[in-house]
Amino acid sequence: MRTSLSAHVHPACRAGLTVRRPWRRLPHRLGPPRQPPHRHTCQQAYSAGSVDTAPEEKQRKSIDSEESEQISALDEEDGSDPVSATMDMLGWDELCTHVAGFASTSLGKERVKKLEVPSTEAESIRLQKETQAAYSLMYEAGLSMDLGGISSEPVVQGLSRANKGGLVGPDHLLAISRMLSIADAVKRLIVQSDRKDMWGSKFPERVKPLLSVWRSLKVNRDLKRMIEDAVDEQGALKDNASSDLRDFRTRYRTVKNRLEQVLRGYGGEVTERGGRLCLGLPSDANVPPGALMLGSSLKQGIVYVEPQAALEHNNRLAAAYGEMKAAEEAVLWDLTSHCVDAADDLRLTFETVIDLDVVIARASYTNWIKGNFPEFVPIPEPQPFKEKGRYGFYKPPEENYLVYLEGLIHPLLLGHSLFQKDAAIRKARLKNFGKKKKKAVVVDEPEGPVPIDILLKKETRAVVITGPNTGGKTAALKALGLTVLMAKAGLGVPASQPARLPCYSAVLADIGDEQSLTASLSTFSGHLKRIQALRDVADGDCLVLLDELGTGTDPEEGAALGVALVKRLIRRGLGGALTSFVTTHHGLLTTLAYDENIPPIENASVEFDEYKMAPTYRLMMGVPGKSNALVIASRLGLDPEIVQEATDKVGKRQESINSTIQELQEAQYMSTIGTSRTKEYLEKVSDVSQEAAVLRGRVSALERQIALKEQAIYPPILSKARKRLSNMVKSQQKKREPEVPPPEPLKRKDRGLLERKLQRKQRVVKSVPKKKKPEKSDWVPSVGESVLVKKLNKVGTVVEVGPGNKVAVQAGFFSMNVDLSDVTPAE
């Protein structure tokens, strides 16, 4: 029914008055209204000329208006993208603050606090390799890379001033010099790590990511040397920064000393007033005649005067001061010009140092949490699922697991536990400080968070986690999400080795009960809004974490919606995910694990100790959670009749399901114990093998040392023995042969006579035929025969003729074995 406008005009409007439209405020809405009440007249409100008077249509318009307001308000609230919202939910900023505590420079701390998570796998692998390189240098090679001596803010200010054409001050130059010195030292350290003879053949490969960057870095040593020659450690210019500065400073000191001597002659205190040296005299003292009054202090009763004799000295002092400052400024401008010329190299060096500070912070944090570096598993290509049995489509994988995180600890909970431990150690050390007999610091370590195992096979697409509230379901989701972000950002993860997981394209989560009160949206509506937002950016290779799926509405409808959503997520593609982890209280979602017409889904649960009436926070993969409400009610002493009536309502089927789940939990618990024992035995075997390898290495090292010692000891002993033997032989020869006095020199007449006789005898000897000696090849001495030993030129008797052309000869007191070729028949 539609009527004319005039029939519905407010009486006040007919009189030309303006009316206020009341603002509708919902009962649960908090805070002031978003917009002030709107003033209008009825004519302005119904300018269309006619209105719809149907009550149903009016109610529909009112509801649509309220819903549109709620949606727009939620859009304003959730303006951030789902990836950033997920990082806030997981506590990424808090984790970055933990890592920033290990950075040395202020700029490095700021960068680590805003640590970015790369979107590509190649970038994540590069970050991981850089962190591993720094970890190897610091914690395997034991090298110290301390960047704490760099003041990043003065460096930035100095480079900015030079870039703008301003004068760089001495404190900024000192900061730049220290930065260059530390960069040069770090470069030498990293480049030296390439020595295979020092670290082994594998070590340079691990430090190669840092080595390639720092080896090509050009550190301006000339500029560093120039600044060090001109600026001292306190940030002041040295006297020898330039010849002019040295001369002017010398002149300034000379004039100042003369002026002080003049002023001391008048008595009183020599002080400075208005840039001039003067005297401070009591107000009742005699002022020197002709002195200038520079000021007074009524409270202290002092007058400041400049005697007439000091006027000329003060003028000269002011002139010398101006010349000295001009010389200092000239030195600073000269150094500034060199900084401008090397501006590009300085910026590159500074950026490389800050990047290294970030890498060192990541490596130090990894060592602090005793983390391990993960291995990225290749992401399988999405393919359609064939409805021919559960595993009919999938090929046998190369590795068993897509996600293998054994002993995973929530990073934030672990950090808080380590902070408490460090605080307890500091407190104990302070308590022990100053005591003569210092006791060993013993600290009761706080109970740390419970580690969990997340082992996901390659074919599994989703995990449905059930269990009691406060049992650790949400903590497990956050631990997994943070671990993936840490791995992508180049950090080690708090899990046992080996740690394997894919480099997900993104982590998208809806965790927590964050209902929008200002938008008048319920918990259920808030969840749906966030889930739809994350599905809009999901690309099929991401990790999706959904907490309490299907809650906040009718259980049947919520469970059905949850089932449909999980089925859509596991199909991958746009709007889907590579892996989905879902926590819920709806048992209908657990039945997806037994549907053979969809990609595999696995159940999991958080364990609950029925005897202690408390959760154990352990995640049990492959086992659905069971209801503990009736067991808890019975143990808490609720009326047995009520518990029995509830049990009858549930039925034997549910009781059988719970019994089966209990058996599965016990079986997995025993399997876990067996696995842990097997792992323990394998670790013991590995330790024994390592000890045996170490012992073998020590034995071989000792053998080498013994051989080296023998080589070092025996040759000198043999040399001494040979020398002693030779001396003994010489002494024996001297005893046998009588000393013959040297002949007297012959006269010329006698020498001629002897020469003629010698010539006649030589002619006689040549005419006598020589006796032929037996050939060496035919001659073999017999025992008892006299032979001549050629090397010693000594005659001996053959004692024995041995094999191999060896002959034993007795020559005086000595017996020796010589070759047959070394002896001849004695003549």
Side-chain angles (χ1 to χ4, degrees), residues 151 153-155 157-162 164-178 226-340:
S151 300
E153 292 182 3
V155 174
Q157 294 172 1
L159 294 178
S160 177
R161 285 192 179 187
K164 295 177 181 179
L167 182 65
V168 182
D171 52 345
H172 299 147
L173 290 170
L174 178 62
I176 292 174
S177 173
R178 287 178 176 173
M226 292 173 61
I227 297 176
E228 290 175 349
D229 293 341
V231 183
D232 60 16
E233 290 297 324
Q234 285 71 38
L237 289 177
K238 297 179 180 179
D239 291 346
N240 58 354
S242 71
S243 58
D244 291 342
L245 180 59
R246 181 178 61 252
D247 296 341
F248 288 133
R249 280 186 175 179
T250 303
R251 180 182 175 186
Y252 175 78
R253 295 190 189 101
T254 303
V255 174
K256 186 176 181 180
N257 291 334
R258 289 177 183 174
L259 178 56
E260 288 177 349
Q261 290 176 1
V262 172
L263 292 174
R264 289 193 189 97
Y266 291 95
E269 181 183 0
V270 179
T271 183
E272 184 179 353
R273 198 77 171 177
R276 298 177 73 85
L277 289 180
C278 59
L279 283 175
L281 299 174
S283 56
D284 57 350
N286 293 327
V287 178
L292 296 177
M293 180 73 70
L294 299 181
S296 63
S297 175
L298 297 177
K299 185 176 181 180
Q300 298 178 354
I302 298 176
V303 293
Y304 300 98
V305 297
E306 182 179 358
Q308 188 73 25
L311 291 176
E312 186 65 24
H313 291 291
N314 260 325
N315 293 336
R316 271 185 259 159
L317 183 65
Y321 181 79
E323 292 171 344
M324 180 181 68
K325 287 300 178 183
E328 290 179 353
E329 189 172 345
V331 172
L332 293 178
W333 276 117
D334 181 58
L335 293 175
T336 300
S337 65
H338 287 288
C339 290
V340 172

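- The salt bridge (charged side-chain N to carboxylate O under 4.0 Å, His left out) contacts involving residues 287-298 comprise nothing, where partners must be two or more places apart or lie in separate chains.
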What donor-acceptor contacts under 3.5 angstrom involve side-chain atoms of residues 279-288, with partners at least two apart or in another chain?
none

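- Leu173 CG to Ile227 CD1: the interatomic distance, rounded to the nearest 0.5 Å, is 5.0 Å.
- Summarising the geometry, atom CZ belonging to Arg316 is positioned 9.0 Å from atom CZ belonging to Arg251; distances are rounded to the nearest 0.5 Å.
- Under the rule for a salt bridge (Lys or Arg N to Asp or Glu O under 4.0 Å), the partners of Arg264 that lie at least two apart in sequence or sit in another chain are Glu260.
- Note that CZ of Arg273 is 14.5 Å distant from CG of Leu292, once rounded to the nearest 0.5 Å.
- Taken to the nearest 0.5 Å, the CD atom of Glu328 stands 9.0 Å off from the OG atom of Ser242.
- Distance CG/Asn314 to CG/Leu259: 4.5 Å, rounded to 0.5 Å.
- Contacts of Ser337 classified as side-chain contact (heavy atoms from CB on, under 4.5 Å), with partners at least two apart in sequence or in another chain: Asp334.
- With a 4.5 Å cut-off on side-chain heavy atoms, Leu335 and Val168 do not count as touching.
- In this structure, the side-chain hydrogen bond (donor to acceptor under 3.5 Å, both in side chains) partners of Glu329, at least two apart in sequence or on a different chain, are Trp333.
- A distance of 11.5 Å separates NE2 of His313 from CG of Leu277, quoted to the nearest 0.5 Å.
- Looking at heavy atoms from C-beta onward, Leu159 lies out of side-chain contact with Cys339 at the 4.5 angstrom threshold.
- Within the structure, ring-ring contact (aromatic ring centres under 6.0 Å, His included) pairs that include any residue of residues 259-291 do not occur (at least two apart or interchain).
- Checked against side-chain contact (heavy atoms from CB on, under 4.5 Å), Thr271 has the following partners two or more places apart in sequence or in another chain: Cys278, Tyr304.
- Annotation: side-chain contact (heavy atoms from CB on, under 4.5 Å) contacts of Asn315 (sequence neighbours excluded): Arg276, Glu312.
- Judged as a side chain to side chain donor-acceptor pair (under 3.5 Å), not a single pair has a partner in residues 287-299 (not counting sequence neighbours).
- Taking Tyr252 as the reference, Tyr321 meet the ring-ring contact (aromatic ring centres under 6.0 Å, His included) condition, with sequence neighbours excluded.
- Pro154 and Ala175 make their closest contact through CB-CB, 3.6 Å (heavy atoms, listed as atom of the first residue, atom of the second, distance).
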Considering only distance and modelled atom types, tabulate donor-acceptor pairs under 3.5 Å from the side chains of residues 233-240, sequence neighbours left out.
unit_1 : atom_1 : unit_2 : atom_2 : d
Glu233 : OE1    : Arg178 : NH2    : 3.3
Lys238 : NZ     : Glu228 : O      : 2.8
Asp239 : OD1    : Arg249 : NH1    : 2.6
Asp239 : OD1    : Arg253 : NH2    : 3.3
Asp239 : OD2    : Arg253 : NH2    : 3.1

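- Contact between Asp244 and Ala327 at its shortest, heavy atoms only, is C-CB, 4.2 Å.
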